[in-house]
Amino acid sequence: MSEGVSQADQPQELEGGDKDLFSKFDPIIAQRRALLDSGLEDPFSLVMEKVLSPTRAICNGRDTILLGTYNYMGMTFDPQVIEAGEQALRDFGSGTTGSRVLNGTYQGHKECEDALREFYGMDHAMVFSTGYQANLGIISTIAGKGDYIVLDIDSHASIYDGCKLGDAEIVPFKHNDIEALEKRLKRIPEGAGKLVILEGVYSMLGDVAPLKDMVRIAKENGAMVLVDEAHSMGFIGENGRGVCEEQGVMDDCDFIIGTFSKSVGTVGGFCVSNHPKFEIMRLVCRPYVFTASLPPAVVATAATSIRKLMHGSNKRAHLWENSRSLHAGLKELGFQLGTEEPQSAIIAVIMPDLQQGAMMWEALLKEGLYVNLARPPATPANMTLLRCSLCAEHSEEEVTTILGMFERAGKAVGII
């Protein structure tokens with residue numbers, strides 16, 4: 001048995017022939033064991049011993065450029081953001097120990113929601129403890145038994161889980177297919193509640209949704225619209241409000257979901273809305289009501305970061321430059337990419353299979369570069385890919401260095 005593969009990795013049988021509830025995971029266990037038996041490092045257990053900046057860390061003992069953190073605007077080390085968190089920690093302590101509807105709403109939570117309302121220009125904002133919970137809570141609460149949810153088949157796991165928890169009828173359609181969306185909507189029984197769920201930027205390939213046409217079609221067919229802007233907030237749009245802003249459909253979106261763990265640079269999730277009845281969600285949304293609220297230091301850093309993102313046009317411009325440079329350079333080297341042109345801060349490099357993808361991931365790490373290795377079922381069309389997420393703090397020189405690392409690693413593994 002390879003070093004690093006414990007007895008727990010071996011398929012287990014219970015005495016008496018009873019079914020082991022873990023047996024459903026045996027194919028994944030076997031796949032992981034085969035990967036580690038080949039001598040490769042485990043790409044899913046990387047340790048960062050020290051984070052030096054938004055773009056560099058010591059990973060497994062190596063000085064490493066970070067290209068897989070979703071830290072799009074580089075806010076994690078902003079001095080004002082850190083200062084706000086430190087002050088809140090001193091003033092309010094380390095945690096709230098309670099739900100938002102009990103003792104868990106501090107002044108900082110209200111200020112964070114005020115910052116979100118101002119950022120999006122919307123009437124209501126509701127902060128959750130994670131972005132996953134924001135989708136889980138909002139979707140499961142507004143669409144229940146007898147309602148229909150029409151969603152892109154490549155939607156995030158948190159969206160699917162929200163649909164399942166709410167027990168609505170799920171109607172998926174082909175990724176970014178406008179005609180397929182319209183056909184699904186027209187088949188829904190007249191008078192049924194309808195919710196269309198879309199994402200601004202899809203996290204695996206970094207491609208953008210045609211929201212302008214999709215939102216129009218949803219409204220023409222009497223559906224409410226929820227857009228997840230997790231991977232576009234702060235970066236896309238004139239004011240960083242996301243693809244909804246860029247494509248001019250913000251006023252037609254009933255709910256916009258987002259997260260603090262990407263451009264905002266901390267942890268948490270939120271929903272903003274102009275719906276006049278939205279505030280009742282604070283009493284009927286179970287993942288909000290029955291979860292402890294975010295620590296004071298977290299909401300203080302989030303509020304400070306959000307207000308700074310309102311004035312982040314220079315950072316957004318530089319991040320676009322980074323995205324165009326890396327995309328063009330990888331394409332010129334001969335890598336297969338997820339999109340023909342750069343559409344976001346995510347650039348997906350498609351691998352032939354999981355084995356070669358893991359080899360490429362390891363070769364890059366040894367070069368001093370960290371990227372995400374993504375595999376099925378998280379990826380569309382059973383792809384294995386290396387997902388690169390750029391940061392506004394990456395310098396032009398770092399992007400050039402990254403391209404050199406990809407070239408050397410790609411040739412060593414035999415992918416280019």
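Remember, predicted model here, so these are calculated numbers, not experimental data.
- Checked by atom type and distance alone, the side chain of Thr55 never pairs as donor or acceptor with a backbone atom of His394 at under 3.5 Å.
- Remark: Thr304 pairs with Gln80, Val81, Ala84 by the side-chain contact (heavy atoms from CB on, under 4.5 Å) rule, at least two apart or across chains.
- For the atom pair CD of Gln133 and OG of Ser140, the computed distance is 10.5 Å after rounding to the nearest 0.5 Å.
- Applying the salt bridge (charged side-chain N to carboxylate O under 4.0 Å, His left out) test to Glu220 and every residue at least two apart in sequence or in another chain returns Arg216.
- Between Thr105 and Lys110 the shortest side-chain heavy-atom distance falls below 4.5 Å.
- Shortest non-hydrogen contact noted between Ala192 and Gly146 is CB-O, 4.2 Å.
- Atom-to-atom distance recorded for Lys331:NZ and Leu326:CG is 13.0 Å, nearest 0.5 angstrom.
- Salt bridge present: Asp78 and Lys308 bring a charged side-chain N and a carboxylate O closer than 4.0 Å.
- Side chain of Thr379 to main chain of Met383: a donor-acceptor pair is present (N/O by atom type, distance under 3.5 Å, no hydrogens or angles).
- Side-chain contact between Ile402 and Leu369: present, with at least one pair of heavy atoms (C-beta onward) separated by less than 4.5 Å.
- Between Ser305 and Val264, the closest heavy-atom pair is OG-O, 2.8 Å.
- Lys164 has no carboxylate O lying under 4.0 Å from a charged side-chain N of Asp161, or vice versa, which leaves the two without a salt bridge.
- Each of Leu330, Val349, Ile415, Ile350 was scored for a side-chain contact (heavy atoms from CB on, under 4.5 Å) with Gln336, with one residue passing: Ile350.
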Pair Tyr132-His156, ring pair (Phe, Tyr, Trp, His ring centres under 6.0 Å): steps then yes or no: CA-CA 9 Å; Tyr132 175 93; His156 190 265; 7.4 Å; no
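- Within the 3.5 Å criterion, the main-chain N or O of Asn322 finds no donor-acceptor partner in the side chain of Ser325.
- Glu245 contributes a side-chain N or O that, together with a main-chain N or O of Asn239, makes up a donor-acceptor pair within less than 3.5 Å.
- The number of heavy-atom neighbours closer than 6.0 Å to CD of Glu179, taken from other residues, nucleotides and ligands shown, is 12 or below.
- Salt bridge absent: Glu169 and Lys145 never bring a charged side-chain N and a carboxylate O closer than 4.0 Å.
- Under the 3.5 Å distance criterion, the side-chain polar atoms of Ser395 are matched with a main-chain donor or acceptor of Glu398.
- Using a distance-only test at 3.5 Å, with no hydrogens or angles considered, a donor-acceptor pair links the side chain of Arg241 to the main chain of Phe119.
- Partner Tyr160 forms a side-chain contact (heavy atoms from CB on, under 4.5 Å) with one of Ile153, Ile197, Leu165 and no other, that one being Ile153.
- Below 30°, between 30° and 60°, or above 60°: for His231 and Tyr72 the angle between ring planes is above 60°, a perpendicular geometry.
- Here the side chain of Asn221 pairs no donor or acceptor atom with the backbone of Ala223 at under 3.5 angstrom.
- Comment: Arg100 engages Glu113 in a salt bridge, judged by a side-chain N to carboxylate O separation of less than 4.0 angstrom.
- The shortest non-hydrogen separation linking Leu181 to Phe173 is CD1-CE2, 3.7 Å.
- In this structure, the separation between CD1 on Ile142 and SG on Cys285 is 9.5 Å, given to the nearest 0.5 Å.
- For the atom pair CD1 of Ile65 and CG of Leu52, the computed distance is 11.5 Å after rounding to the nearest 0.5 Å.
- The side-chain contact (heavy atoms from CB on, under 4.5 Å) search around Val267 returns Leu294, Val298, not counting sequence neighbours.
- Ring orientation note: the planes of Phe235 and Trp320 are tilted relative to one another, at an angle of 30° to 60°.
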Apply side-chain contact (heavy atoms from CB on, under 4.5 Å) to Leu66 and Cys59, showing your working. CA-CA 9 Å; Leu66 302 176; Cys59 300; 4.1 Å; yes
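- The two residues Val299 and Gly108 make their nearest non-hydrogen contact at CG2-C, 3.8 Å.
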After noting the C-alpha distance and the side-chain angles of Thr291 and Ser129, does the key distance pass the side chain to side chain donor-acceptor pair (under 3.5 Å) rule? CA-CA 7 Å; Thr291 302; Ser129 296; 5.6 Å; no
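- Using cut-offs of 30° and 60° for the angle between ring planes, the Tyr370 and Trp361 rings count as perpendicular.
- Applying the 6.0 Å contact sphere to CD of Gln356 captures more than 12 heavy atoms from other residues, nucleotides or ligands.
- Evaluation of the salt bridge (charged side-chain N to carboxylate O under 4.0 Å, His left out) rule for Asp154 yields no partner, not counting sequence neighbours.
- Between the side chain of Thr384 and the backbone N or O of Gly357, no donor-acceptor pair lies under 3.5 Å.
- Under the 4.5 Å side-chain criterion, counting only non-hydrogen atoms from C-beta, Glu362 is not in contact with Pro43.
- Between the side chains of Asp207 and His175, a donor-acceptor pair is found at a separation under 3.5 Å.
- Smallest separation of non-hydrogen atoms from Ala209 and Val243: O-CG1, 4.1 Å.
- Met48 is not listed as a side-chain neighbour of Thr64, based on a closest heavy-atom distance of 4.5 Å or more.
- Here the closest heavy-atom approach between residue Asn103 and residue Gly98 is recorded as OD1-CA, 3.3 Å.
- Ionic pairing of Arg282 and Glu279 is present here: one or more N-O contacts between side-chain nitrogen and carboxylate oxygen are shorter than 4.0 angstrom.
- Within the 4.5 Å cutoff, no side-chain heavy atoms of Val371 are placed close to those of Arg387.
- In this structure, Arg375 forms a cation-pi arrangement with Phe44, its terminal cationic atom sitting closer than 6.0 Å to the ring centre and no more than 45° off the ring axis.
- Applying the ring-ring contact (aromatic ring centres under 6.0 Å, His included) test to pairs two or more places apart or on separate chains, those with a residue in residues 326-346 are Phe335-Phe406.
- Centroid-to-centroid, the aromatic rings of Phe260 and Phe128 stay 6.0 Å apart or farther.
- Under a cut-off of 6.0 angstrom, the local environment of CD in Glu49 is crowded, with over 12 non-hydrogen atoms contributed by other residues, nucleotides or ligands.
- Atom NE2 in His124 sits 6.5 Å away from atom OG in Ser273 (nearest 0.5 Å).
- In this structure the side chain of Lys262 never reaches within 4.5 angstrom of the side chain of Met233, judged on heavy atoms.
- Between the side chain of Asp152 and the backbone N or O of Asn176 there is at least one donor-acceptor pair closer than 3.5 Å.
- For the atom pair Asp252 CG and Cys244 SG, the distance stands at 9.5 Å (nearest 0.5 Å).
- Val196 is not listed as a side-chain neighbour of Met214, based on a closest heavy-atom distance of 4.5 Å or more.
- Side-chain atoms of Lys315 and Glu393, non-hydrogen and from C-beta on, do get closer than 4.5 Å to each other.
- Applying the salt bridge (charged side-chain N to carboxylate O under 4.0 Å, His left out) test to Arg307 and every residue at least two apart in sequence or in another chain returns Glu118.
- At least one donor-acceptor pair under 3.5 Å links the side chain of Gln247 to the backbone N or O of Lys212.
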